[in-house]
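One structure is given here, and the rest of the page talks about it.
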Amino acid sequence: KQEVTQIPAALSVPEGENLVLNCSFTDSAIYNLQWFRQDPGKGLTSLLLIQSSQREQTSGRLNASLDKSSGRSTLYIAASQPGDSATYLCAVDSGGYNKLIFGAGTRLAVHP
Amino acid sequence: SAVISQKPSRDICQRGTSLTIQCQVDSQVTMMFWYRQQPGQSLTLIATANQGSEATYESGFVIDKFPISRPNLTFSTLTVSNMSPEDSSIYLCSVAGTSGRAGIWDTQYFGPGTRLTVL
């Protein structure tokens, strides 16, 4: 059974820092991995989707990497801003058909 | 992309009653999903709702407790039946296949969620 773990559970950093969020999964046979951002009362916003054949994806200040063999993904946020404060969720699709298994998330606070 | 709305946004219900949550998408989508997020926990998939067929439920979830309808390609409902305080959660609708075909590379889009409190 696939399990997804995210470390750290919470993170508080000053504005401007570069930071790394970690995601690990127990079964390396995945179809894709997605990173989401969750803001209170606003549902989830998809940040990056990495297909199983890819090693990384970039969008603006965000870069996500995927190492299937070791069961790990990292989300790198450059030059963090207070507006980046949210919960970041990692999710994997193990069986295809877009059925996602989520990690518990990393709650990020960026203070001015 | 897809814009998803859910109704109601929140509700407070009495034990033993039922609540139906609506999910509306601004475009036709192949696949719709219902997730639950219990307090302090991450999201868990309840079921997949495909148009024209019965919903497919994940382990631990049954149709009698969470009946789902999918009458067309833009709309679905989830009913939480005979509620107990343990059903207090955020219920989220999501969609994939916005291109009109289901693909394993599809980004998923989520609605804003319905916050349910059962007393």
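This one's a predicted model, so the numbers in the text were calculated from it and none came from an experiment.
Linking ILVMFWY side-chain heavy atoms closer than 4.5 Å, directly or via other members, places B:F75 and B:I4 in two distinct hydrophobic clusters. Linking ILVMFWY side-chain heavy atoms closer than 4.5 Å, directly or via other members, places B:Y35 and B:I68 in two distinct hydrophobic clusters. Residues A:W35 and A:V92 share a hydrophobic cluster, clusters being chains of Ile/Leu/Val/Met/Phe/Trp/Tyr side chains in contact below 4.5 Å. Following chains of ILVMFWY side-chain contacts shorter than 4.5 Å, one can reach A:V4 starting from A:Y88, so the two form part of one hydrophobic cluster. A chain of hydrophobic side-chain contacts below 4.5 Å, direct or via other Ile, Leu, Val, Met, Phe, Trp or Tyr residues, connects B:M31 to A:F36.
Residue A:L89 touches chain B through its side chain alone, counting heavy-atom pairs closer than 4.5 Å. Looking at B:Q108, the atoms closer than 4.5 Å to chain A (heavy atoms on both sides) sit in the backbone and in the side chain alike. Neither the backbone nor the side chain of B:S59 comes within less than 4.5 Å of any heavy atom in chain A. Contact annotation for B:L92: only side-chain heavy atoms (C-beta onward) come within less than 4.5 Å of a heavy atom of chain A. Contact annotation for A:Q38: only side-chain heavy atoms (C-beta onward) come within less than 4.5 Å of a heavy atom of chain B.
Applying the salt bridge (Lys or Arg N to Asp or Glu O under 4.0 Å) definition to pairs two or more places apart or across chains, those involving residues 58-73 of chain B are A:K99-B:E58, B:K65-B:D87.
Heavy atoms of other residues, nucleotides or ligands lying less than 6.0 angstrom from CZ of B:R10 number 12 at most. Residue A:E17 places its CD atom among more than 12 non-hydrogen atoms of other residues, nucleotides or ligands, all under 6.0 Å distant.
Residues passing the ring-ring contact (aromatic ring centres under 6.0 Å, His included) test with B:Y57: none are found, sequence neighbours excluded.
Residues of residues 70-79 of chain A lying under 4.5 angstrom from chain B, judged on non-hydrogen atoms, do not exist here. Contacts with chain B (heavy atom to heavy atom, under 4.5 Å) involve these residues of residues 100-112 of chain A, listed by number: A:L100, A:F102, A:G103, A:A104.
Within the model, atoms CG of A:L44 and OH of B:Y109 stand 13.5 Å from one another, a figure rounded to the nearest 0.5 Å.
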